[in-house]
Amino acid sequence: MTVRTRFAPSPTGLLHIGGARTALFNYLFARHHGGQFLLRIEDTDRARSTPEATQVILDGLAWLGLETDEAPLFQSTRQARHAEVAQQMLAAGRAYKCFLTAADLEQMRAQARAEGRGPRIDSPWRDRDPAEAPPGAPFAIRLRAPRDGETVVDDLVQSEVRVANTELDDMIILRSDGSPTYQHAVVVDDHDMGITHVIRGDDHLTNTFRQVQIYDAMGWEKPRFGHVSLIHGADGTKLSKRHGAQSITEFRDMGYLPEALCNYLLRLGWGHGDAEILSRAEAVALFDIDGVGRAASRMDYAKLAHVNGVWIRAADDDRLTREVLARLARQPGLALGTAAAHRIRALLPQLKERAKTLVELADSAAFLAHPLPLAMEPKAAALLTAENRLMLREVAAALAASDFSPSGLDAALRGYAEQTGRKLGSVAQPLRAALTGSTVSPGIDAVLVALGRDEALGRIAAASA
RNA sequence: GACCCCUUCGUCUAGUGGUUAGGACACCAGCCUUUCACGCUGGUAACACGGGUUCGAGCCCCGUAGGGGUCGCCA
């Protein structure tokens, strides 16, 4: 049996972090077992589904590198099939026409509430002859659910879960307008798509009981289910717009690398010994459903930042340079020519050691593209005292005499410090201020090399004038 | 409210009857050092609570508490 999994979001909102993890787990599970990963867009709610949300899902999955093995299936295209199956169940006596109106239902629920009962609906039409209904009256189709016994789900994550059938009422599978309900459409589509493993959020666990009843009514083989616990916000409460970054595209904008986000998400709810940093290939090799935990987990942005830093350091320098240039291009006041691009590329190996996000990386590289005169941070400006400006003119002379190689510059700097009886730091910090406008940067030798002789000496001259 | 699920350091987790309860992030201290990072070394810190079962329980059972989810002709 070939494993086939699917990710089935509804395009009524954004692709958030929980959905991304669900997609990742489905992808990894399928790949690990040599199977296929599919996408189904659950757009049956025409009123709330938007093409924009569909695009966000597609873009988000592509960015995360979760490619599917078949073209996405749009659930709205399958209405006829959903109705067909409902009719089959009707014909087989596993479902019945219910002529209760919305008003009837509301009244029944109100009464149940008043009597302190649950909102369970027991339709009288389960046992009534449809011929008794007014001719032409609209009806919904309800599942004729078993009244005795219990429904059991042997969940891959939560283990065996069972509920008494008396707790489950006869749910509607086809609305009076002929459209399928979610529970019904999901089952029909998963069956027709040949889905073998349904890995989804914990919020669907109790839905599964109802879905299992549909599989049984049709005599269909059931897929295995695996319900993954939800992700909560950093404060432990349910994820919501209040937690800031909701959409996966926002994480991209905040400067996270897709491989880092995947790595972080993988470790949120899944563990394998002491493994922490995992490439996609390693994740595919190691991931399995038995490593998924049962408890809900919280977003930890500090850890995400750390993981992102690890992946930035491991990332290709040319790729990072492109990312930095793209971000810098949106900032005003920069001289972003080929010279600046070359400087950034030259210093990138040092810069990426110090960044946890691409935003930080771009910020730390911006000074390389600043035109003269350099804007000075207050702390940097404070270092450029009259005395230090005098010193910088001497330092410039010493540097100019060097070959401008890292070792040559280092030797020139140390030599100057030694000759003048200064500590290296008292020379380097004012120099750093003159070169970068900041008190923080990569090693001063690397900065000098990246800037190049002319630009470096020009900056020192401008700052020490 | 009913039903279902969950509960190991602050956070993510390892642990499947006998462990000094391990790792990672964060935090603290130190080293490295030309700033900031990176890196390295060390440290603080957890089995929700109460009963069982057992020679022995983080691991098994039952309660309690807390958290979450579901109860639509939404998905």
Side-chain angles (χ1 to χ4, degrees), chain A residues 8-13 42-45 47-49 75 98 100-102 105 109 113 116-121 138-142 153 155 157-159 161-164 167-169 171-177 179-183 185-186 201-210 227 229-230 232 234 236-238 264 267-277 291 293-307 309 313 350-356 360 364 379 383 410 413-414 417 423-429 431-433 436 438-445:
Chain A
S10 83
T12 53
E42 309 222 319
D43 57 346
T44 52
D45 188 338
R48 292 195 301 150
S49 297
Q75 192 163 60
C98 173
L100 253 25
T101 64
L105 294 175
R109 290 201 179 95
R113 218 169 20 245
R117 291 184 285 112
R120 248 190 66 129
I121 295 294
F139 60 87
I141 296 181
R142 281 186 190 271
V153 176
D155 196 86
V157 176
Q158 309 289 350
S159 75
V161 184
R162 51 181 67 222
V163 69
E167 298 293 332
L168 273 18
D169 57 11
M171 69 171 157
I172 289 174
I173 56 176
L174 209 66
R175 299 184 188 107
S176 49
D177 67 358
S179 67
T181 59
Y182 162 77
Q183 306 276 20
V186 163
D202 210 348
D203 49 340
H204 290 287
L205 183 58
T206 50
N207 284 333
T208 309
F209 296 123
R210 334 294 298 258
H227 288 92
S229 286
L230 272 18
H232 292 163
T237 63
K238 198 178 166 185
Y264 173 75
R267 286 288 292 105
L268 203 57
W270 175 87
H272 189 273
D274 289 344
E276 292 285 349
I277 301 299
R294 301 127 297 261
S297 43
R298 300 186 185 201
M299 270 303 285
D300 181 351
Y301 286 92
K303 182 149 186 179
L304 172 59
H306 170 262
V307 173
R313 275 172 256 141
Q350 283 75 37
L351 290 170
K352 73 179 182 182
E353 293 288 327
R354 297 164 166 76
K356 292 202 188 309
E360 287 180 19
S364 72
K379 279 185 192 170
L383 282 168
D410 184 65
L413 234 37
R414 288 179 191 280
K423 292 174 69 174
L424 196 51
S426 65
V427 178
Q429 273 308 83
L431 181 57
R432 173 169 283 113
T436 70
S438 164
T439 55
V440 176
S441 83
I444 207 72
D445 309 335

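By convention in this document, chain letters (A, B, ...) are assigned in the order of the sequence lines, proteins followed by strands, and residues within each chain are numbered from 1.
Look at B:rC71: its Watson-Crick or wobble partner, with both distances under 3.5 angstrom, is B:rG1. As the counterpart of B:rC38, no nucleotide is assigned, since no Watson-Crick or G-U wobble pattern has both distances under 3.5 Å. In this structure B:rU16 sits in no base pair that meets the Watson-Crick or G-U test at under 3.5 Å. Remark: B:rU11 base-pairs with B:rA24; criterion is Watson-Crick or G-U wobble with both hydrogen-bond distances under 3.5 Å. In a base pair of the Watson-Crick type (N1 to N3 plus N6-O4 or O6-N4) or a G-U wobble (N1-O2 and O6-N3), with each distance short of 3.5 Å, B:rG50 is matched with B:rC62. Under the Watson-Crick or G-U wobble criterion, with both distances below 3.5 Å, B:rU33 has no partner in any strand shown.
Residues satisfying the side-chain hydrogen bond (donor to acceptor under 3.5 Å, both in side chains) test with A:Asp177, not counting sequence neighbours, are A:Ser179. Take A:Ala417 and apply the side chain to side chain contact (heavy atoms under 4.5 Å, CB included) test, not counting sequence neighbours, and it matches A:Leu424, A:Val427. For A:Lys356, the salt bridge (charged side-chain N to carboxylate O under 4.0 Å, His left out) test picks out no residue, with sequence neighbours left out. Under the side chain to side chain contact (heavy atoms under 4.5 Å, CB included) criterion, A:Ala295 pairs with no residue at all, not counting sequence neighbours. Judged as a salt bridge (charged side-chain N to carboxylate O under 4.0 Å, His left out), and not counting sequence neighbours, the contacts of A:Asp410 are A:Arg414. A:Thr206 meets the side-chain hydrogen bond (donor to acceptor under 3.5 Å, both in side chains) test with no other residue; sequence neighbours excluded. With sequence neighbours left out, the side chain to side chain contact (heavy atoms under 4.5 Å, CB included) criterion links A:Arg354 to A:Gln350, A:Pro442. In terms of the salt bridge (charged side-chain N to carboxylate O under 4.0 Å, His left out) criterion, residue partners of A:Arg267 (sequence neighbours excluded) are, by chain and number, A:Glu276. Residues forming a side chain to side chain contact (heavy atoms under 4.5 Å, CB included) with A:Glu42 (at least two apart in sequence, or on another chain): A:Ala8, A:Ser10, A:Arg40, A:Gln75, A:Tyr182, A:Val186.
Heavy atoms of A:Glu42 sit under 4.0 angstrom from primed sugar atoms or phosphate atoms, though from no base atom. Across all strands shown, A:Gly269 has heavy atoms under 4.0 Å from sugar-phosphate atoms exclusively, and none from any base. Contact annotation for A:Leu230: backbone-only contact, meaning every heavy-atom pair under 4.0 Å involves sugar-phosphate atoms and none involves a base. Note on A:Asp177: nothing from the nucleic acid sits closer than 4.0 angstrom, heavy atoms only. Within 4.0 Å (heavy atoms only), A:Ser441 reaches at least one base atom of the nucleic acid. Using a 4.0 Å heavy-atom criterion, one finds that A:Ala302 contacts the sugar-phosphate atoms exclusively. Within 4.0 Å (heavy atoms only), A:Leu168 reaches no atom of the nucleic acid at all. Within 4.0 Å (heavy atoms only), A:Pro442 reaches at least one base atom of the nucleic acid. In this structure, A:Ile277 reaches neither bases nor backbone, as no heavy-atom distance under 4.0 Å exists between it and the strands shown. Here A:Asn207 lies in heavy-atom contact (under 4.0 Å) with a base. When heavy atoms are screened at a 4.0 angstrom cut-off, A:Gly443 is found touching base atoms of the nucleic acid.
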Within the sub-3.5 Å range, which N or O atoms of nucleotides 4-7 of chain B have a protein N or O partner, and how far apart are they?
{"residue": "B:rC5", "atom": "O3'", "partner": "A:Gln158", "partner atom": "OE1", "Å": "3.4"}
{"residue": "B:rC5", "atom": "O2'", "partner": "A:Gln158", "partner atom": "OE1", "Å": "3.2"}

Give every pair of a protein N or O atom and an N or O atom of nucleotides 28-31 of chain B that lie under 3.5 Å apart, one pair per line with the distance.
none

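Going from the P atom of B:rC36 to that of B:rC31 covers 13 Å, rounded to whole Å. Nucleotides B:rA14 and B:rG58 are separated by 12 Å at their C1' atoms, to the nearest Å. Separation of the P atoms belonging to B:rC32 and B:rG68 is 49 Å when rounded to the nearest angstrom. Remark: the separation of the C1' atoms in B:rU8 and B:rA21 is 8 Å, to the nearest Å. Distance noted for atom P between B:rC4 and B:rU64: 13 Å (whole Å). Atom name P, nucleotides B:rU16 and B:rG42: the rounded distance is 25 Å, in whole Å. Atom C1' of B:rG22 sits at a distance of 13 Å from the matching atom of B:rC47, rounded to the whole Å. Atom P of B:rU41 sits at a distance of 46 Å from the matching atom of B:rG52, rounded to the whole Å.
Rounded to whole Å, the distance from CE on A:Met299 to P on B:rC12 is 12 Å. A:Asp203 places its CG atom 18 Å from the P atom of B:rC74, with the value rounded to the nearest Å. For the pair A:Asp300 CG and B:rA26 P, the interatomic distance rounds to 9 Å; values are reported in whole Å. Note: CD (A:Glu276) to P (B:rG23) measures 12 Å, nearest angstrom. The NE2 atom of A:His227 sits 15 Å away from the P atom of B:rG69 (whole-angstrom rounding). A:Leu424 has its CG atom 15 Å from the P atom of B:rC32, to the nearest Å. Atom CG of A:Asp410 is separated from atom C1' of B:rU33 by 12 Å (rounded to the nearest Å).
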Original post:
Taking protein heavy atoms under 4.0 Å as touching, what does nucleotides 38-50 of chain B look like 5' to 3' if B marks base contact, S marks sugar-phosphate-only contact and - marks none?
Top reply: SS-----------

Subject >> Steps toward side-chain contact (heavy atoms from CB on, under 4.5 Å) verdict (A:Asp155, A:Thr208) >> reply: CA-CA 10 Å; A:Asp155 196 86; A:Thr208 309; 5.9 Å; no

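Nearest heavy atom pair, residue A:Ile172 against residue A:Thr181, reads O-OG1, 2.9 Å.
Among the nucleotides B:rA26, B:rA2, B:rC73, the one closest to the side chain of A:Glu167 is B:rA2. With B:rC73, B:rU34, B:rG22 as the choices, the nucleotide that has an atom nearest any side-chain atom of A:Ile444 turns out to be B:rU34.
Residue A:Arg210 places none of its side-chain N or O atoms closer than 4.0 Å to OP1 or OP2 of B:rG72. For A:Thr44 and B:rA75, the shortest distance from a side-chain N or O to OP1 or OP2 is below 4.0 Å. Taking only side-chain nitrogens and oxygens, A:Arg267 never comes nearer than 4.0 Å to OP1 or OP2 of B:rG23.
Looking at A:Arg175, its side chain does come within 3.5 Å of a backbone N or O of A:Pro180 through a donor-acceptor pair.
Between A:Gly291 and A:Leu304, the one whose closest nucleotide on RNA chain B sits nearer the 5' end is A:Gly291.
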